[in-house]
Amino acid sequence: MRTHTCGQLRATDVGSSTTLCGWVQNNRDHGGVIFIDLRDRHGLTQVVFDKDICGEEGKALADKLRGEWVVQVTGEVRSRGEKNANKNLATGAIEVFAKTLTVLNQAQTPPFEIDEHAKVGEEVRLKSRFLDLRRPAMQKRLIARHKAMQSARRFFDANGFVEVETPALCKYTPGGARNFLVPSRLHQGQFYALAESPQLFKQLLMVAGYDRYVQIAKCFRDEDLRNDRQPEFTQIDLEMSFIDMEDIMGIGEGMARTLWKEVLGVDLPAPFRRMTWTEAMNSYGSDKPDLRFGMPIIDLTDWAPTSGFSVFQKAVEAKGVVRALNAKKANELLSRRTLDTLTEFAKGLGAKGLAWIKIGADPSKAEDWQGPAAKNITPEARAELARRLDVGPGDVLFFGADSFKGVCTVLGAVRVELGRNLLKLAKWDDWQFLWVHSAPLYEWSEESHSFVANHHPFTCPYPEHVQFLASDPGKVLSKSYDMVLNGNEIGGGSIRIHDAATQGAVFRALGISEEEAQKKFGFLLHALSFGAPPHGGMAFGLDRLIMLMTDAESIRDVIAYPKTQRGRDEMLDCPTPVSDRQLKDLHIVTTVQQA
RNA sequence: GCUCUCAUCGUCCAACGGCCAGGACACCAGAUUGUCGAUCUGGGAAUGCGGGUUCGAUCCCCGCUGAGGGCGCCA
């Protein structure tokens, strides 16, 4: 139907005949001559209708064209000349003088403009996603996603990985993310679960001897949604045998470097920076620190009792911590009003308040220390504080006094809010990659008053920490690693346990009995007893990777058909109720009265 | 489960509790031979739903629905 795309013709094609197909982007009627911008995903080409060439009939038909009509145009490629060339268009050196015009399909006026410049709300875009996907910005992101997937597959193939598909329909496993359940028609009252990840299948592939496995896998989690979380998302999932942490981190880095090179044309430095989980939490209040700016968090717990400020003193007496960060030279940028907003922000995260001090021109003068915490601090404590926080003229200090976890949450979030939004210290394409490794194997759960697995119960502890499993589980660190980019966890994994003795000790520390372990994970334990090789792996969040690579505002902008925050598909308008007949076939009764 | 923000023409925004709810783009009609986010003239087009306060509500209050951000959750 066409000889060229709308992004293809150049000055060298002048004089030749061409047939183009596409959507009418724009219609400029000058009376004697009509210009049409014809669009497809490859670009725009200007088509000219002149009655001397297309005839009175052709011109009359061109006059009827409206936005988004689908047309086929045959004509002659002519040079626009120096004066009329459009330098903003790849095809701007030429234009097509139409001889014949065929309307392939008419179109209703779209609910929003298919235009790069138009600002359109997301709800409207999602309702007519097929129109939204016509826009160049969305096409650019989906094509980047395609390139990244191809690039990743080539990388893993070249490194000896085998891509194996694993089931989406699998077994409900307790713990971890909530599963979507799928009722079985053939087995009354029984359910499959949609896979929240291929974790167990890939470990079994290692037992089966597949060495190096990779899969671009759909995963399903019935949890609440976020800016970077969808109920259905894609992982680049991998697992390797006869390796240790270094090997996996090497492959992970290699993949990231390949993607950035092949999709963005960017050379990433090697090797990536590394820090332990403990360092990350202590210095940045987060297990996924954004390193595009500094502002480290400084511990002041030993200073607090001498500070003279009772809020700090009481926090320490309650076995909490006192920490602070210094926003250098931020005084002018942070108005009193902004600081009030930031205080509300901190309260929203569970803080009782947010103590801050604005430093004036001369940090040695008491009157140049202003803010809710300033006047309570003794002169001696102030001098010590100035030394520890490297206080200079125009700085603004922020304090957190609470439990370790509470202070990390609040100061970690305040630091990011300052760096990204208030002080604008972060550029989207300043790629600060980082490995955060060796997280604690267990985390104390206030809810259940017991230790729970931080990652999953097959994560391997450091051999030298195994001795603490029974006596002091909180001290045990794991062979785990997360790849972090600009404050986002883009991938993570661990070395797995492959011997029964360690696995038993880990289960005991979690309070899982032999019997319970058999019931929940029997099939994996069974498989591990048949000669499981030492193995480990990781998984990347493909959607998040693409979101960061394309500077998208949310994960929804890199998914062709995403769900809203409440898990609805605005275009299909689902989920929906089903008929009584369907429910009957599935042996299901709902407790909800349908309208 | 909790919390915050938002909801006005097709779209994006505006409107001290009071005047015909205003503008831009889009759309429709007309004009126009070199535009390209064309231009000019004219036109049609809206306060999410349900209560309340008030002489009077787009505006204030309550509830609902929907969208978005966050906490919890996401081993």
Side-chain angles (χ1 to χ4, degrees), chain A residues 25-38 44-52 59 63 66-68 78 80-81 83-89 91-92 95 108-128 131 173-179 196-197 199-200 219-231 233 341 344-351 406 409-410 413 416-417 421 439 441-443 445-447 451-459 478 480 489 492 494 510 512 520-521 541 553-554 556 563-566 568 570 573:
Chain A
Q25 173 71 36
N26 201 344
N27 185 341
R28 295 179 295 279
D29 181 353
H30 287 255
V33 64
I34 296 173
F35 298 100
I36 299 287
D37 289 334
L38 201 59
L44 283 178
T45 300
Q46 175 164 284
V47 179
V48 186
F49 292 91
D50 184 318
K51 70 174 187 309
D52 294 339
K59 193 160 163 299
D63 190 45
R66 292 294 178 267
E68 301 308 311
R78 292 195 187 175
R80 292 216 208 171
K83 198 173 122 232
N84 286 324
N86 185 344
K87 291 185 178 60
N88 299 321
L89 231 49
T91 61
E95 59 196 348
Q108 292 184 40
T109 301
F112 53 88
E113 293 163 63
I114 314 299
D115 186 324
E116 311 179 58
H117 311 283
K119 274 200 307 176
V120 187
E122 195 171 4
E123 202 174 346
V124 182
R125 288 170 48 202
L126 288 180
K127 275 194 174 128
S128 304
L131 296 177
T173 49
R178 202 175 286 121
N179 290 107
E196 64 188 59
S197 82
Q199 181 63 36
L200 297 171
C219 304
F220 306 88
R221 295 182 185 174
D222 190 6
E223 295 292 346
D224 287 353
L225 276 47
R226 287 288 187 284
N227 187 35
D228 61 353
R229 280 172 19 196
Q230 282 274 305
F233 62 102
T341 308
E344 288 307 309
F345 173 77
K347 282 182 180 169
L349 296 167
T409 302
V410 173
V416 168
E417 180 67 14
N421 300 332
L441 189 61
Y442 302 105
E443 194 179 30
S445 166
E446 285 296 333
E447 198 182 328
F451 281 100
V452 296
N454 208 341
H455 192 51
H456 61 60
F458 315 112
T459 301
S478 63
S480 65
E489 183 198 322
S494 62
L510 288 167
I512 298 174
K520 287 178 176 171
F521 308 109
E553 282 180 20
S554 86
R556 295 182 297 277
K563 307 283 189 286
T564 68
Q565 200 175 47
R566 294 190 61 238
R568 292 200 67 83
E570 288 281 317
D573 193 25

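Letters A, B, ... are given to chains in the order of the sequence lines, protein chains preceding strands, and every chain is numbered from 1.
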Could you state the atom-to-atom distance from [atom1] of [X] to [atom2] of [N] in whole Å?
| X | N | atom1 | atom2 | value |
| --- | --- | --- | --- | --- |
| A/Asp228 | B/C73 | CG | P | 16 Å |
| A/Asp115 | B/G37 | CG | P | 10 Å |
| A/Asn27 | B/C27 | CG | C1' | 13 Å |
| A/Gln25 | B/A26 | CD | C1' | 13 Å |
| A/Ile114 | B/C25 | CD1 | P | 19 Å |
| A/Glu123 | B/U65 | CD | P | 15 Å |
| A/Gln230 | B/A67 | CD | C1' | 14 Å |
| A/Asn227 | B/C74 | CG | C1' | 15 Å |

Exercise. Looking only at side-chain atoms of A/Arg226, point me to the closest of B/G37, B/C74, B/C71.
Key: B/C71
Quiz item: Of the nucleotides B/G37, B/A67, B/G69, which has the atom closest to the A/Arg566 side chain?
Solution: B/A67
Side-chain heavy atoms of [X] within contact of [Y], under 4.5 Å:
| X | Y | result |
| --- | --- | --- |
| A/Arg80 | A/Asn86 | yes |
| A/Phe458 | A/Leu200 | yes |
| A/Thr341 | A/Phe345 | no |
| A/Asn454 | A/Ser478 | no |

Between [M] and [N] - [atom1] atom distance, rounded Å:
| N | M | atom1 | answer |
| --- | --- | --- | --- |
| B/G34 | B/G68 | C1' | 45 Å |
| B/G51 | B/G69 | P | 32 Å |
| B/G22 | B/U47 | P | 13 Å |
| B/C62 | B/U3 | P | 13 Å |
| B/G37 | B/A45 | P | 31 Å |
| B/C16 | B/C64 | C1' | 30 Å |
| B/U5 | B/G44 | C1' | 34 Å |
| B/G48 | B/C59 | C1' | 16 Å |

Exercise. Respond yes when some side-chain nitrogen or oxygen of A/Thr109 is under 4.0 Å from OP1 or OP2 of B/C27, and no when none is.
Key: no
Quiz item: Would you say B/G66 has OP1 or OP2 under 4.0 Å from some side-chain N or O of A/Arg568?
Solution: no
Residues in salt bridge (Lys or Arg N to Asp or Glu O under 4.0 Å) contact with [X], at least two apart in sequence or another chain:
| X | value |
| --- | --- |
| A/Lys347 | A/Glu344 |
| A/Arg28 | A/Asp37 |
| A/Glu489 | none |

Within the 4.0 Å heavy-atom criterion, would you say [X] contacts the bases, only the backbone, or no part of the nucleic acid?
| X | value |
| --- | --- |
| A/Glu196 | base |
| A/Arg556 | sugar-phosphate |
| A/Arg221 | sugar-phosphate |

Quiz item: RNA chain B: A/Ala453 or A/Glu553, which has the more 5' nearest nucleotide?
Solution: A/Glu553
Practice problem: Kindly indicate whether the side chain of A/Asp224 and the base of B/G72 share any N or O donor-acceptor pair separated by less than 3.5 Å? | Solution: yes
[X] side-chain N/O to [Y] backbone N/O, donor-acceptor pair under 3.5 Å:
| X | Y | result |
| --- | --- | --- |
| A/Thr91 | A/Leu44 | yes |
| A/Glu122 | A/Thr564 | no |
| A/Lys127 | A/Asp573 | no |
| A/Gln230 | A/Arg556 | no |

Quiz item: Would you write out the dot-bracket form of RNA chain B, 5' to 3', with Watson-Crick and G-U pairs under 3.5 Å, [ ] for crossing pairs, | for pairs to other strands and . for unpaired bases?
Solution: (((((((..((((....[...)))).(((((.......)))))....(((((..]....))))))))))))....
Self-check item: Contact pattern, 5' to 3', of nucleotides 29-36 of chain B - B, S or - by protein heavy atom under 4.0 Å
Solution: S--BBBBB
Quiz item: Going 5' to 3' along nucleotides 8-14 of chain B, which nucleotides have protein heavy atoms under 4.0 Å from the base (write B), which only from the sugar-phosphate (write S), and which from neither (write -)?
Solution: --BSS--
Exercise. Work out which heavy atom in A/Lys59 is nearest to a heavy atom in A/Val33; give both atom names and the distance.
Key: CE-N, 4.0 Å
Quiz prompt | Nearest heavy-atom neighbours spanning A/Phe112 and A/Arg125 | solution = CE2-CA, 4.0 Å
Quiz item: Out of A/Arg229, A/Arg178, A/Glu196, which one pairs with A/Arg221 under the side chain to side chain contact (heavy atoms under 4.5 Å, CB included) rule?
Solution: A/Glu196
